[in-house]
Amino acid sequence: MIAESFVAADPPGQLISIQRDPERAAAAGGTRGSVQLRYHSLQLVPVDLIDGLPGIWAALLDVAGSFLAEGRGQGRYPGLDAEIVLESTGGTAKFTAGKVRHIVDAGELIGAILGGAAAYHRFAGSAEPRIAELRGQALAAGISA
C-alpha cells in the first residue's frame, strides 16, 4: 500500500510527487494537489480529485479515526463534490473515493493513510498530533498501522 502526495504545478494538470521529487514540489509552491493511494496494482483515488492537500489529509485522518472508533468513517473533499468512505465488511473494508470503490485490508489502508499524512506534514513543515493518536487507536483495535 502506497500513499503519496502530489502538488499541482504549471502547466495545469502536472502533478509533482513530494516523496519522489521534494525539491521540485517545494519550488512549485502552493497546497493544491492530489493524494494517491495505491493498493497493490489498484489506484484507489481517481487522479482528477485535485483539491487542497491539507484538507484532503484532514478528511482522510477523520475517516480513519471514525473507522477505528465506529467501524465506518466518512468525509468529504474540502472543495469538491466527492466523498471518502471507509467501512468494515467483515474481515476486509470497502474504501470509496469519489466514484471509485475497492475492497482493501483496513490495516494496510489505515497504515498508509497515517504514513502518508506524516510524510505530507513533514514536507509542509507542520505538525499533526492526531497521527500518533490514531496509531495508538489502531494498535488498541488490533490493526497494525
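Hydrogens, waters and symmetry mates play no part in the numbers below; they use all other heavy atoms, side chains included.
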Would you call Gln137 and Ile143 a side-chain contact if the rule is heavy atoms closer than 4.5 Å?
-> no
For residues Val35 and Val45, report the shortest heavy-atom separation together with the two atoms involved.
-> O-CG1, 3.4 Å
Side-chain (Glu4) to main-chain (Ile18) donor-acceptor, under 3.5 angstrom = no
Leu109 versus Leu44: any side-chain heavy-atom pair under 4.5 Å?
-> yes
Side chains of Phe67 and Leu134 in contact at under 4.5 Å (non-hydrogen atoms) | no
Here the gap from Glu128 atom CD to Trp57 atom CH2, rounded to the nearest 0.5 Å, amounts to 11.5 Å
Taken to the nearest 0.5 Å, the spacing of Ile56 CD1 from Ile50 CD1 works out to 8.5 Å
Under a 4.5 Å side-chain heavy-atom rule over Ile, Leu, Val, Met, Phe, Trp and Tyr, are Ile113 and Tyr39 clustered together?
-> yes
Does a sphere of radius 6.0 Å around CG in Asp81 hold more than 12 heavy atoms from other residues, nucleotides or ligands, not counting ones at 6.0 Å or beyond?
-> no
Between Phe123 and Leu60, is there a shared hydrophobic cluster once you connect ILVMFWY residues whose side-chain heavy atoms come closer than 4.5 Å?
-> yes
All heavy atoms of Ser5 vs all of Gln19, minimum pair found to be N-OE1, 3.1 Å
Would you say the side chain of Met1 lies within less than 4.5 Å of the side chain of Leu37, judging by non-hydrogen atoms?
-> yes
If you take all heavy atoms of Ala3 and Gly116, which pair is closest and at what distance?
-> CB-CA, 3.9 Å
Please tell me if the side chains of Leu114 and Leu61 come closer than 4.5 Å, counting only heavy atoms from C-beta onward.
-> yes
If every non-hydrogen atom of Gly52 is compared with every non-hydrogen atom of Pro78, which pair is closest and at what distance?
-> O-CG, 4.1 Å
Could you check Val104, Ile110, Asp105 and say which one makes a side-chain contact (heavy atoms from CB on, under 4.5 Å) with Glu108?
-> Asp105
Nearest heavy atoms of Ala28 and Val7, plus distance in Å | CB-CG1, 4.2 Å
Looking only at heavy atoms, what is the nearest atom pair of His102 and Leu42, with distance?
-> ND1-CD1, 3.7 Å
Other residues, nucleotides, ligands: >12 heavy atoms within 6.0 Å of Arg72 CZ = yes
Joint hydrophobic cluster, Leu80 plus Val63, side-chain heavy atoms closer than 4.5 Å = yes
Quick one: does Ser34's side chain get under 4.5 Å of Leu49's, heavy atoms only?
-> no
Do Phe95 and Val100 touch side chain to side chain, with heavy atoms closer than 4.5 Å?
-> no
Separation of Gln14 CD from Arg24 CZ (nearest 0.5 Å) = 4.5 Å
Would a 4.5 Å heavy-atom cut-off, applied to side chains only, mark Tyr120 and Thr31 as touching?
-> yes
